[in-house]
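What follows is a set of notes on a single structure, which appears directly below.
Numbered from 1 within each chain, the chains take letters A, B, ... in sequence-line order.
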Protein chains: 2
Amino acid sequence: MIKERCLPAGLNEEEVVRLDQQMEHRLPIKKGQLLFSQGQALSAIYAISTGSFKTRILHEDGRSQITGFQLSGEMMGLDAISEERYACDAIALEDSTVCKIDYDSLANLESEISRLQRSFNKTLSAEIVRDQTIMLLLGSMRAEERVAAFLVNLSQRFHDRQQSATELVLKMTREDIGSYLGLKIETVSRVLSRFAEEGLIAVQGRLIVITDINALLSLNSY
Amino acid sequence: MIKERCLPAGLNEEEVVRLDQQMEHRLPIKKGQLLFSQGQALSAIYAISTGSFKTRILHEDGRSQITGFQLSGEMMGLDAISEERYACDAIALEDSTVCKIDYDSLANLESEISRLQRSFNKTLSAEIVRDQTIMLLLGSMRAEERVAAFLVNLSQRFHDRQQSATELVLKMTREDIGSYLGLKIETVSRVLSRFAEEGLIAVQGRLIVITDINALLSLNSY
DNA sequence: AAATAATATTGATCTAAATCAATATTTCAT
DNA sequence: ATGAAATATTGATTTAGATCAATATTATTT
């Protein structure tokens with residue numbers, strides 16, 4: 001029977017039984033083994049029965065960032081719901097066993113889950129993926145890369161909203177940007193000035209004009 | 001009518017209409033105004049119609065960390081689902097308007113959402129809260145605070161699993177810990193040695209014995 | 001059990017970003 | 001419009017943590 005902590009409370013007996021039938025129990029995973037890997041199509045969510053795992057994001061340039069350590073009872077693969085592919089690698093830290101919860105059966109269980117709910121799941125999952133990307137940024141990028149990543153990301157999101165992707169009117173202060181990027185305000189200012197000197201952008205207070213997006217892109221890959 | 005990007009795709013016309021009835025549209029929020037604040041009971045999820053926001057986590061010691069900037073069409077408050085209270089402050093960066101989506105109506109819409117699904121939502125949301133806590137750690141803590149936070153957190157989670165909260169048998173390498181905490185392996189090692197010197201812990205390779213949990217706690221508040 | 005590889009510790013030095021400090025610019029309130 | 005407050009830039013200096021380097025310890029394989 002499913003262990004109590006495999007899914008949070010809130011289920012009645014019948015639901016537990018039904019859910020239990022969707023699961024493969026005590027699937028053994030050897031130390032060092034990859035449970036799922038970044039980019040792989042979503043097939044299941046996992047709950048750890050025994051043992052422990054690490055989750056890791058790999059960056060194109062080879063850098064990697066540990067995004068979490070998971071212990072027994074905790075779930076892995078939630079970040080895959082958004083794009084229907086895993087956003088990280090999960091690697092066993094010791095010989096472990098997991099419950100494998102088939103995602104489609106879970107999501108369509110008794111047809112109770114509407115498409116609305118499913119889309120809500122995806123929104124939640126996308127937020128997890130986004131946060132993990134920022135963890136990668138905070139954990140392993142240098143100041144210039146962080147600021148470049150910030151500008152590129154904002155440019156993309158402005159573009160998605162039919163706003164100019166090159167003339168960014170920032171609504172946030174340098175202080176906010178610094179706090180977001182894990183940098184001090186002076187460093188943000190200096191990096192922006194340096195980018196301006198090098199002709200990548202033009203800075204007029206909160207208006208930033210991107211003049212060489214490729215140079216910014218080459219500074220990161222976010 | 002609800003704007004297309006207020007919720008991700010995947011809804012049919014009827015669902016959009018139903019959802020639309022659960023929402024307060026174009027609620028105006030003045031620049032600098034707090035839409036919701038950390039600790040407040042969850043009442044609604046918000047989607048930005050126009051304008052932009054920042055989300056911020058406040059630490060007990062007064063430090064704060066920007067965890068994101070949200071633009072039109074993006075959602076805020078997802079992190080509140082887990083504990084039914086908002087995990088961050090949301091502050092308007094300019095005069096903005098939001099769609100307010102009543103959480104209870106959303107979650108109970110036509111009784112389609114089972115308690116199972118609701119509990120799944122909470123799991124997803126808890127992951128968001130956890131990631132944001134790590135963002136705070138990576139963005140604003142010094143090496144000693146990070147390592148202390150790591151040990152305290154692990155101790156708590158071991159305790160939750162009926163394992164010793166003081167004798168931690170680490171399954172991860174120093175390299176993993178370093179990557180997780182945004183530190184180099186040498187720094188992790190040095191901080192552990194320093195803690196040992198000061199009598200907070202005893203280190204024997206991957207066995208770490210916590211001898212002064214209060215001192216570790218006072219180094220952070222995670 | 002010995003050999004090899006992987007991990008971890010410790011020291012010396014360097015450097016990116018923080019801090020301290022002064023001034024400039026923008027924004028807001030009257 | 002004017003003054004005050006908030007925000008931003010730039011320079012000089014310091015410092016926490018990175019890097020470089022050597023050795024020690026622990027795991028893994030033969």
A:K184 atom NZ is separated from D:dG17 atom P, nearest whole Å, by 12 Å

Discussion item. Classify B:V203 by what it touches in the nucleic acid, base, sugar-phosphate, or nothing, heavy-atom distance under 4.0 Å.
Written reply: sugar-phosphate

Side-chain contact check for A:S189: nearest option of C:dA18, C:dT10, D:dA8 is D:dA8

Would you say a side-chain N or O of B:R174 is under 4.0 Å from OP1 or OP2 of C:dT9? yes

B:E175 atom CD is separated from C:dA5 atom C1', nearest whole Å, by 15 Å

Between CD of A:E94 and P of D:dA27 the distance, given in whole Å, is 14 Å

Separation of C:dT26 atom P from A:M172 atom CE, nearest Å, is 19 Å

**Under 4.0 angstrom between A:T173 side-chain N/O and D:dA6 OP1 or OP2** = no

Per atom distances to the A:E186 side chain, the nearest of D:dT10, C:dT9, D:dG17 is D:dT10

Atom CG of A:D176 and atom C1' of D:dA8 are separated, to the nearest Å, by 13 Å

### Message
Do the side chains of A:R161 and B:E74 get close enough for a salt bridge, i.e. N-O under 4.0 angstrom?
### Response
yes

So CE of A:M135 and CG of B:L137: to nearest 0.5 Å the spacing works out to 9.0 Å

Practice item. Could you tell me whether the side chain of B:R146 has a donor or acceptor atom within less than 3.5 Å of a complementary atom in the base of D:dG17? Key: no

Looking only at D:dT9, D:dT19, C:dA8, the nucleotide nearest the B:R190 side chain is D:dT19

By nearest-nucleotide position on DNA chain D, the 5'-leaning member of A:K31 and A:L192 is A:L192

Which of D:dA8, C:dA17, D:dA18 is nearest the side chain of A:A143? It is C:dA17

| With sugar-phosphate meaning primed atoms plus P, OP1 and OP2, does A:G178 contact a base, only sugar-phosphate, or nothing at under 4.0 Å between heavy atoms? | nothing

In whole angstroms, the gap separating P of D:dT15 from CD of B:E144 amounts to 16 Å

Does the side chain of B:T187 get closer than 4.0 angstrom to OP1 or OP2 of D:dA16 through an N or O atom? no

Quiz item: Which part of the nucleic acid, if any, lies within reach of A:G182 when heavy atoms closer than 4.0 Å are counted: base, sugar-phosphate only, or nothing?
Solution: sugar-phosphate

In whole angstroms, the gap separating C1' of C:dT7 from CG of B:L207 amounts to 16 Å

- Using 30° and 60° as the class limits, which term best fits the ring planes of B:Y46 and B:F36: parallel, tilted or perpendicular? parallel

message = Under 3.5 Å, is there a donor on one side chain and an acceptor on the other for B:S52 and B:E94?
response = yes

Discussion item. Over 60° means perpendicular and under 30° means parallel, so tell me whether B:Y103 and A:F120 are parallel, tilted or perpendicular.
Written reply: tilted

Between NZ of B:K171 and C1' of C:dT7 the distance, given in whole Å, is 16 Å

